[in-house]
Structures are given as structure tokens and as C-alpha cells.
Amino acid sequence: MAYEHASIERRWQEYWDAHQCHTPDLDRARRPFYALMMFPYPSAEGLHVGNVFAFTGVDIQARFQRHRGYDVFEPIGFDAFGIHSENYAMKVGTHPMRLIPNNVANFRRQLRQMGLMVDWSREVSTTEPNYYRWTQWIFLKLYERGLAYRGKAPVNWCPKCATVIADEQVIDGMCERHPDTRVEKKVMEQWFFRITDYAQELLDHLGWIDWSDIVRRAQINWIGRSEGALLRFPVEPGSSSAGAADGPIEVFTTRPDTVFGATYMVLAPEHPRVDALVTPEKRAEVEAYREATRRKDSIERMDLSREKTGVWIGAHAINPATSQPIPIWISDYVLMGYGTGAIMAVPAHDERDHEFARKFALPIVEVLERPADAPPEGAFTSAGKMQNSGPFDGLESEAAKAKITAWLGERGLGEPRVQFRLRDWCISRQRYWGPPIPMIHCDVCGIVPVPESDLPVLLPELEDFRPEGSGQSPLARVEAFHRVACPKCGGAARRDTDVSDNFLDSAWYFLRYPSANDDQHAWDPERTKRWFPVDSYIGGREHSVLHLMYTRFLCLAFRDMGLLPPDPEFKGEPFKRFRAHGLLIKDGDKMSKSRGNVVIPDRYVEEYGADTFRMFLMFLGPYELGGDFRDSGIVGIRRFLERVHRWCTEELPGYPEGPLPREAEVKLHQTIKKVTVDLETLGYNTAIAALMECHNQIRPAAVRNRFAAESFVVMLSPFAPHLAEELWASLGHAPTVEDAPWPVFDPALTVEETVEIAVQVNGKMRDAIAISRDAEEAEVRDAALAREKVRSQTAGKELRKVIYVKNRLINLIVS
RNA sequence: GCCGGAGUGGUGGAAUGGCAGACACGCGGGACUCAAAAUCCCGUACGAGCGAUCGUGUGUGGGUUCGAGUCCCACCUCCGGUACCA
């Protein structure tokens, strides 16, 4: 009987559904294991093989744990809010409310045909009111806690998206979604979440959480902690009468040791003090520069090769160390968004300041001795011995940092300071396709949250949902939505017409899954206690800093609000283990819609079956590195599964029952060991290779051995679940193979009785000898020396030394 | 610039410092067949040789070691991330 994948896969998918095989009892599970895959973003093109690659890796993990006796919960949902969907809807001219259900249905069909062990009874969808009411509820909770605030800030504005986008969505100054569109700066009033309150804790936890190293590093860099000092530079009295009265200008520096070399200061053009500090005769020039900066888009501003520009604003500050007046400049190389938006410029010891000073002929004072081996020109940016620094001359600069900070501190001119690169999370989006922000603006009462009992704030159906480009959300055009009575005073008020960032939708979805059908809570406390944190989360490294950081932040905040149980072990971290999988490469390029090289799985599933396709994707390369997708190899997997099928269903019944030959038995036990380890470490490609090797060896033995056949089928099951069910039944078992325990190997049977030992002469391979296991050196040496090939190499020479690695190799050193 | 990752046969890729190329694809040969497909078997890094065999070989150049794809140093190339962060 041929391997007919279509009927086999249909049969078992129907069986799983009919018997609810993948719907664990969430309240009574004794050994819960939460296997999470990343929320798919259903697009019209449907699922592509990149998604399948990702999900299959999760499913294999889930099935493996199920065989190990865990109650596995593997949920899925759809993340269909957001700018991607909205832009696509505009492109095809269909309303997202009508478009999304079709896309989701198509996605669901494709996912089902892959044979994932997904609990379809707990599917969630971010665009459903019963989901986004809780997204809005989270907003309210953060607001209550003081973690949501309204701020005016220069934000990234994409003219094509016609909305504000996050820093993280700006790629090289271009919009993430429109690589040809430069992102502009625009000052707007926005909602922010105070993720920076958690900067230190988010950083600390990265020291111990079990996550892919690459993601931990990316987050560490993103948080960007740096230690230094906050220094105060008084404005020179008289140089700017209006500006001096507002107190000193604060700067952040990591090099307080070089403060004696600060010969000028630079403020960001947007710095709020500029207006008051500028002298009348300089005002016109300064205004012109500030206007030019405003118009400059971020790509221009970030271009490092560009020559430095700037304007002296006419005023002076006092260097707090030297008490000398230094000029105050503005320049766009100082960013308002980092530190205080102002710097002390030390041209001798900072490359940027050096370049600027050269251009504008500002004084350069070296306050560190330049070692003889350092280049004589340019800024000297390393540590060194202090000079021209008054009482600190001769000190090592590293040691001087704290001393100078303390010395300035005595006069109230400085203090130690830790600065983070991480910024608060801008939540507002001036778009249509997202959950409305549940806030009301009242002229009398100010900002008033929507009462919880009024949630959800439904997103109105709006035929023309295009953004205007004015910065106003399309929702502002809907009078019935916009105008509302103030919940506090009852007077006329206005709803916030922005929607929240799509990253908020996906920052808590895994909390919703176990409580997907709960109308009373966002997440049921008892269930959450049992299923949180998530045991295994596997996803793309493109989410290293955005999704994964926001998610961690929310969970730490929920923990502090008492919305999540205290957790001394994982300290509120949502994912016990996170692993980043690799990307699929196609024709030397990463597979993506924008490159137009995506591959759709349907054709392959139809022709070869889901099992073959799953296994093929896992065989392409190391799961955590990704692989090169070329379909030429898929027949290899197909042939393998056909052989296994034939072996189980046709050959085994005719074979005599009996033990495997020793060699095959050893191979079997070695394979169990190897596959077990490989599944734990996501080494799927080598696990498959090991199964093939094993099969190639036990099949020719031509015996019917229960343990061998059953072990093999169970090990195959995470990769090829439908076929494994079929074979499990053919071996005489009742369904389902998922309940079969993972095979256990006998360590004594993982080692051969005789081993082949490599023989080297002077480090060069010359021969190999078979000898009994754990043989003593003398025995191996004598055997080696007796070999013809060895003799020809050692003839007439003296044996100087023997290096023997048991069961591996012997190296004879002769002279 | 900085931080990661990767460079191994015709191809995808294997290799706790110990026989480089497992496992596959492809290719060559054979069996079966009237023939083909499918299947099965054998071979397949490169060079020299009829051959046994010998030599060379994991991006480049050095080094450590009895022994290096693996460790160290200095480079080159590709991919990803990030960037006037003071």
C-alpha cells in the first residue's frame, strides 16, 4: 500500500478535531507546558514558508514535551490590527473589517493543514471587541498606575503612513514600511508608557533569563545604560540677561574627567533654553538654523559623513571646573532626545567635538597626556593621565571621574548620573485600524479615563478610513464617536481619536490565550497561576527589541500592580525560555514580501504532504540559524517517509519477531539519545539525519522488534505527526501516538563493543584499527605498530612518544 | 564606525581539540524492465597513478598543540542589527 499522504493527513486531522486531542484541561492539568509561537499577522497573501518554518519548530517542541508526559497547551491567534493591514486594505480598496476575516480564514486553513498541535478552541483575534476591550483595559490600568502619560515630543512622522511611528520602526532614517520614504520630525501631543521606569530592572533580568544570547545582547544595547555625571554649567551673568536667571545648563557626560578641557558647549537646536539664551544680534541667525534643522529629515541629520554645522548663540557659560567663560553653540549633532539635550564639548578628547572645533576654530585643550604610541593628531579618546586639570593633574582619568564629580558636587555643580538610551514607549497612532485609546478630553475636567464599565470603546465602522496627513486621526471625522459626554461632569467632551500602537495588542496576547473565552477577566487569576510564565517561546529575532521588550515591560508592571501573581523565581518575566529561530533564505536573499520572493506552502503540501514539508523545512539547516530554501531536496525527505511507511506497513509484518543484531541495537539506543538531546536544543536538522541513519541500519536487520519499531515511530511523531499516527495504528495501537511515552535509551547499549581507533604517525593519519572497547594503551600501541602501513612509516625510526586517546585515536611520534 | 552571525565538495549542510565532508540533493555506473518511470545496489572533495597508494584540502596570513574546521592573533568577504547616545 502506497504512502498516500492526502488521505492519511485528512484522516488524522479529523480524528484530532473530533476527539479534542489538543484541547488540554487548563484547570486540572497536572504538568502544564505552555508552548508559544509568535502571533501571526494574517496578510492577504496568506501563510508563507517562513511562518511554517517558525511554527513547525514550535510544534515539534510541543509534541516532544507531550511525549514526555506534559499537558501541552499550544495556542494560536491572529494579530490583524495595525498599519500593515490598514495599508494593505487601502491598497486593494477593501475595508479592513471585511478584508481581515477572509485573510484569517485563509490563514486558519493553511495552518490546519500543517498538522499543528494547536488548541483551536482558544483562538484569539486582536481585532475582536472581546479582545481589544482588554487592550483598552490595560491602558486604563497603566494610566491608574501613572505609567501612561501625555507628552509633547518630537516624534517620527512618516508622510506615506501619515502617522507617527516608533523609533524602532525607523530604519536608516526611512520608514520601516516605506523604504523609500524619509521620516520627518514632528512635535505632537502623544500618549506614552513609562517603560523607562523599568529600564534598570529590564536590564538586570537579562543577566539570568534563559533567552537566546543574540536577543539578550540586542536588548542590552537597546536599553543602553551608561554611567557618568550630570554637570551644571552656569550661564555667564551679563552674556544673556534673560537666560542666566533660569539657572545653569545641565549636561550629561560619561567623561567628567575631561571637564577641564570643555572649551565650549553645544545645545540641541530644539533645546528649550535656546530661546532665552540667544542674544538679540544673533537671534536671526539662530532662528534660521533652527528652522533649517526642523526641515531636515532624519536621514540627513544622521548622515555621519556630513560636515558639522552650527551657530554660536552669542551667550557664554562658565566651565564649572576652570571657571572660564566658554561660548554656547547650537548644532544638530546634539540630539534633544538623549541626556539633557546639551553637551559640554571637549574637542581634545571627543571626535565629534574635535571635528566641530576644527571647523569653527574653537580652542582645543588637551587634559590627558597623549601616550607616545597614540596618533599625534585628532581626538585622543582613551583613558590616560591627567594634565591641565588643576588639582587633578597626574591622576589616572578612570579614577578621576568619581573625584571630579564629587568635587563639583560640593559646589552643587554636578552629581553621578546613570543614563539610559531607552525611551518611553509612544503609544498613540493617528490612524483608524486599531483599538481606540480609552480616554476623554474634557475642557472642565481635563483628561478623564473611560470608565471600565463602558469598555470596549468600539471602533466605529468608517467607510473612508484614510488618514488625512494633517496629523488628525480619521476617527476625528466621526462626530458620533468624537463627541461624548464627560464621564465626570457630564459636560460636552471629546474622545481621544488616536488608536493604540499595534505592539500593544501583541504585548499581552499570551496572557489571554488560557482565558480566551472569559468575559469577566482579561486573564483568569487561577488559570494564569497555573500557566504563567510561558515555558517555551520561539520566534523571530526581528522582534528582539520591540515586541519582546514591550512584553517584558508590561508583565513587570502587571506584577507590580498585583495583576500577576508574585513570582520569586522568574520575577515577573513572561517567558521562561525564549529561542530565536533563523530566517529562510531564498536565492541569496531573505524571504520577504517586499523582495517578492516568498514561497507559499500550499503547493508543496498538496504534492508531498504536510509531514514531508514540515520535515523538509526542519532539514534545511540549523533551526536557530535558518536555511536556504530550495525545493530540490524535498524529494529526499519524501523518499525517507515512503521507506519508513513501507517498512512499518508492509515489511515488518512479514519479518520474524526477534532482537536486533547488536550493532543495530546500539544504533537505536544512540539515536534515542541523540534525538532527545537534539530536540531539547532545537537541533532539528541533525535529529532528522540521525533518524535516517538509524532507519538505514535497523531496516536491513529484517526483524520485527517491538521496541525498535515503536521507538522509531514515536521519535518520528514530532516531525511527521500524521504519518506517525498511521504507523502507530499499523503497529496495533489505539490512537493516539501523542500519548505514547518518549523512548528511553539504555546507556550501556549506546556504546559499541569494538571501536575503530585512528592511527596517526607524527600527527598524520595512516591507518585505523578495530579493537575491543576501552583497550589499554599497550595493546593498542602494539596492534598499531604491527600494521603494515604503520611499519612503512616507522621503519628505522625510534618511537619517542605515544599519545593515546581511549576509543578514539593513537598518535605515534617517531624520530 | 560599533555589536552579533557566517565563510567547509557541484548543492543544502555534519563534525565534545582526535579518521573533515555525517545525513540528504544532484551526478555517474549497475540491477529490475521490451522500454521508461518508480524502486534497489555501488560510486562520487581535488590532483597524480592501471593499481595498491601518495600528495593537497575547511575564506587569507601567522601562532599554540603530538594533533586545529574547531583555540589565540592579524586580516578579507558576505549576512543581520545598530548608529553624531555625549
Side-chain angles (χ1 to χ4, degrees), chain A residues 2 168 171-173 212-218 220-222 224-226 228 251-255 258 266 268 301-306 308 331-335 337-346 349-353 355-356 419-423 541-542 544-545 582-583 585 588-590 616 619-622 624-637 639-640 642-643 646 683 685-696 756-769 788-789 792 800-814:
Chain A
E168 301 90 303
I171 313 291
D172 290 333
S212 291
D213 215 44
I214 187 167
V215 175
R216 288 179 29 222
R217 279 174 200 279
I220 289 167
N221 289 340
W222 195 260
R225 183 185 200 272
S226 57
V251 304
F252 172 71
T253 179
T254 54
R255 296 297 300 271
T258 63
V266 187
R301 194 160 169 180
M302 283 193 316
D303 180 5
L304 271 90
S305 58
R306 192 169 58 86
K308 297 251 181 304
S331 172
D332 60 10
Y333 84 91
V334 174
L335 307 175
Y338 184 75
T340 62
I343 61 156
M344 64 176 204
V346 185
H349 306 292
D350 180 281
E351 280 171 24
R352 297 153 299 183
D353 298 344
E355 191 193 331
F356 192 83
Q419 183 69 42
F420 294 95
R421 206 189 76 118
L422 183 73
R423 321 259 178 95
R541 60 189 59 167
E542 66 271 22
S544 294
V545 282
L583 277 180
I585 301 296
D589 224 343
K590 80 173 180 190
F616 168 63
F619 193 59
L620 284 177
E624 289 177 273
L625 291 182
D628 192 357
F629 185 90
R630 46 185 68 216
D631 51 19
S632 59
I634 194 168
V635 293
I637 299 289
R639 285 177 200 153
F640 169 67
E642 281 173 6
R643 283 196 295 271
R646 204 176 319 129
N685 58 331
T686 49
I688 293 168
L691 285 172
M692 289 173 165
E693 279 185 65
C694 180
H695 182 70
N696 290 344
E756 206 171 64
I757 290 181
V759 181
Q760 296 183 341
V761 178
N762 287 343
K764 275 196 169 276
M765 274 300 306
R766 293 299 170 185
D767 204 356
I769 53 176
E788 182 54 39
K789 287 179 191 170
S792 69
R800 286 288 177 97
K801 192 175 173 186
V802 176
I803 288 136
Y804 176 55
V805 182
K806 211 177 221 181
N807 302 324
R808 280 270 183 187
L809 164 145
I810 187 160
N811 189 3
L812 307 168
I813 311 301
V814 295

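Note on naming: letters A, B, ... go to the chains in the order of the sequence lines (proteins, then strands), and numbering restarts at 1 for each one.
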**Q.** Length of the line joining A:Ile585:CD1 and B:G80:P, which is rounded to integer Å
**A.** 8 Å
Q | C1' spacing across the pair B:G51 / B:G13, given as an integer number of angstrom | A | 34 Å
(Q) Any N or O donor-acceptor pair under 3.5 Å from the base of B:C19 to the side chain of A:Glu756? (A) yes
Q | Closest to side chain of A:Trp222, choosing from B:C85, B:G12, B:U82 | A | B:U82
Q | Interatomic distance where CG belongs to A:Leu809 and C1' belongs to B:U65 [whole Å] | A | 13 Å
Q: Look at all strands and tell whether A:Arg630 reaches a base, only sugar-phosphate, or nothing, counting heavy atoms closer than 4.0 Å.
A: sugar-phosphate
Q: State whether the side chain of A:Arg541 and the backbone N or O of A:Ser212 hold a donor-acceptor pair below 3.5 Å, judged by distance alone.
A: no
(Q) Pick the closest RNA chain B nucleotide for A:Gly763 and for A:Arg541 by heavy atoms, then say which residue is nearer the 5' end. (A) A:Gly763
Q. Using purine N1 to pyrimidine N3 plus N6-O4 or O6-N4 for Watson-Crick, or N1-O2 and O6-N3 for G-U wobble, each under 3.5 Å, what pairs with B:G43?
A. B:C27
Q | Value in whole Å for how far the C1' atom of B:U11 lies from CZ of A:Phe629 | A | 15 Å
Q | Whole-Å P distance, B:G57 and B:G62 | A | 12 Å
Q. Heavy atoms under 4.0 Å, any strand shown: does A:Ile813 hit a base, just sugar-phosphate, or nothing?
A. sugar-phosphate
Q) Is any side-chain nitrogen or oxygen of A:Arg766 closer than 4.0 Å to OP1 or OP2 of B:G55? A) yes
Q. Who does B:A14 pair with, Watson-Crick or G-U, both distances under 3.5 Å?
A. none
Q) Will you find, in the side chains of A:Tyr333 and A:Asp353, an N or O donor that is under 3.5 Å from an N or O acceptor? A) yes
Q.
Here's a test of your reading of the structure: between A:Thr254 and A:Ile757, which maps to the more 5' nucleotide of RNA chain B?
A. A:Ile757
Q. Should B:U77 form a Watson-Crick or G-U wobble pair with both distances under 3.5 Å, which nucleotide is its partner?
A. B:A6
(Q) Is it the case that the side chain of A:Asp767 and the backbone of A:Gln760 share a donor-acceptor pair, with hydrogens and angles ignored and the cut-off at 3.5 Å? (A) no
(Q) Could you go through A:Asn685 and A:Leu620, starting from their C-alpha distance and side-chain angles, then the distance that decides it, and tell me whether this counts as side-chain contact (heavy atoms from CB on, under 4.5 Å)? (A) CA-CA 7 Å; A:Asn685 58 331; A:Leu620 284 177; over 6 Å; no
Q: To the nearest Å, give me how far apart CZ (A:Arg352) and C1' (B:C2) are.
A: 13 Å
(Q) Please report the distance, rounded to the nearest Å, between CD in A:Glu542 and P in B:C79. (A) 18 Å
Q) Over how many whole Å does the gap from A:Ile803 atom CD1 to B:C66 atom C1' extend? A) 3 Å
Q.
Counting primed atoms plus P, OP1 and OP2 as sugar-phosphate and everything else as base, spell out the protein contacts along nucleotides 20-26 of chain B at 4.0 Å heavy-atom distance: B, S or - for each nucleotide, 5' to 3'.
A. S-BBSSS
Q: Using a heavy-atom cut-off of under 4.0 Å over every strand shown, decide if A:Asn811 touches base, sugar-phosphate, or nothing.
A: base
Q | Listed nucleotide nearest any side-chain atom of A:Glu642, set B:G13, B:U39, B:C84 | A | B:U39
**Q.** B:G7 versus B:G17 - spacing of their P atoms, nearest Å
**A.** 16 Å
Q.
Of the listed nucleotides (B:C66, B:G13, B:U39), which one gets closest to any side-chain atom of A:Asp628?
A. B:G13
Q) Any donor and acceptor pair, going by atom type alone, linking the side chain of A:Arg423 with main-chain N or O of A:Gly337 inside 3.5 Å? A) yes
Q: Find the distance A:Arg255:CZ to B:A86:P and express it as a whole number of Å.
A: 11 Å
Q: For B:G9, measure the glycosidic angle (O4'-C1'-N9-C4 for a purine, O4'-C1'-N1-C2 for a pyrimidine) and name it syn if it falls within 90° of 0, otherwise anti.
A: syn
(Q) Only pairs with both distances under 3.5 Å count, Watson-Crick or wobble alike; so what is the partner of B:G1 in this structure? (A) B:U82
Q) Looking at the side chain of A:Pro622, which of B:C66, B:G13, B:G4 is the nearest nucleotide? A) B:G13
(Q) Suppose we define a pair by two distances each less than 3.5 Å, Watson-Crick or G-U wobble; what does B:G49 pair with here? (A) none
Q. How long is the gap from CZ on A:Arg800 to CG on A:Asn762, to the nearest 0.5 Å?
A. 10.5 Å
**Q.** Reported CD1-to-CD1 distance for the pair A:Ile810 and A:Ile769, which is rounded to 0.5 angstrom
**A.** 7.0 Å
Q.
Show the nearest heavy-atom pair for residues A:Val346 and A:Thr258, with the distance to one decimal.
A. CG2-OG1, 3.5 Å
**Q.** Residue A:Lys764, side-chain heavy atoms: nucleotide from B:C66, B:U39, B:U56 that is nearest
**A.** B:U56
**Q.** B:A52 versus B:A45 - spacing of their P atoms, nearest Å
**A.** 14 Å
**Q.** Whole-angstrom distance between B:C54 and B:C76, as gauged at atom P
**A.** 40 Å
Q. The side chain of A:Leu625 lies closest to which of these nucleotides: B:G12, B:C85, B:A6?
A. B:A6
Q.
Distance check, P atoms only: B:U70 and B:U16, in whole angstrom units.
A. 13 Å
Q) So does A:Lys789 get a side-chain nitrogen or oxygen closer than 4.0 Å to the phosphate oxygens (OP1/OP2) of B:U53? A) yes
Q: Using the C1' atoms only, state how far B:C46 lies from B:U58, rounded to an integer number of Å.
A: 13 Å
**Q.** CZ on A:Arg766 to CD on A:Glu788, rounded to 0.5 Å
**A.** 13.5 Å
Q.
Categorize A:Leu620 for me: base, sugar-phosphate, or nothing, with a 4.0 angstrom heavy-atom threshold over every strand shown.
A. sugar-phosphate
Q | B:G69 and B:U56, which share atom name P, separated by this distance in whole Å | A | 13 Å
Q: Using whole Å, report how far CG of A:Asp213 lies from P of B:G5.
A: 8 Å
Q. Centre of A:Phe356's six-membered ring, under 6.0 Å away, within 45 degrees of the axis: is that where NZ or CZ of A:Lys308 sits?
A. no
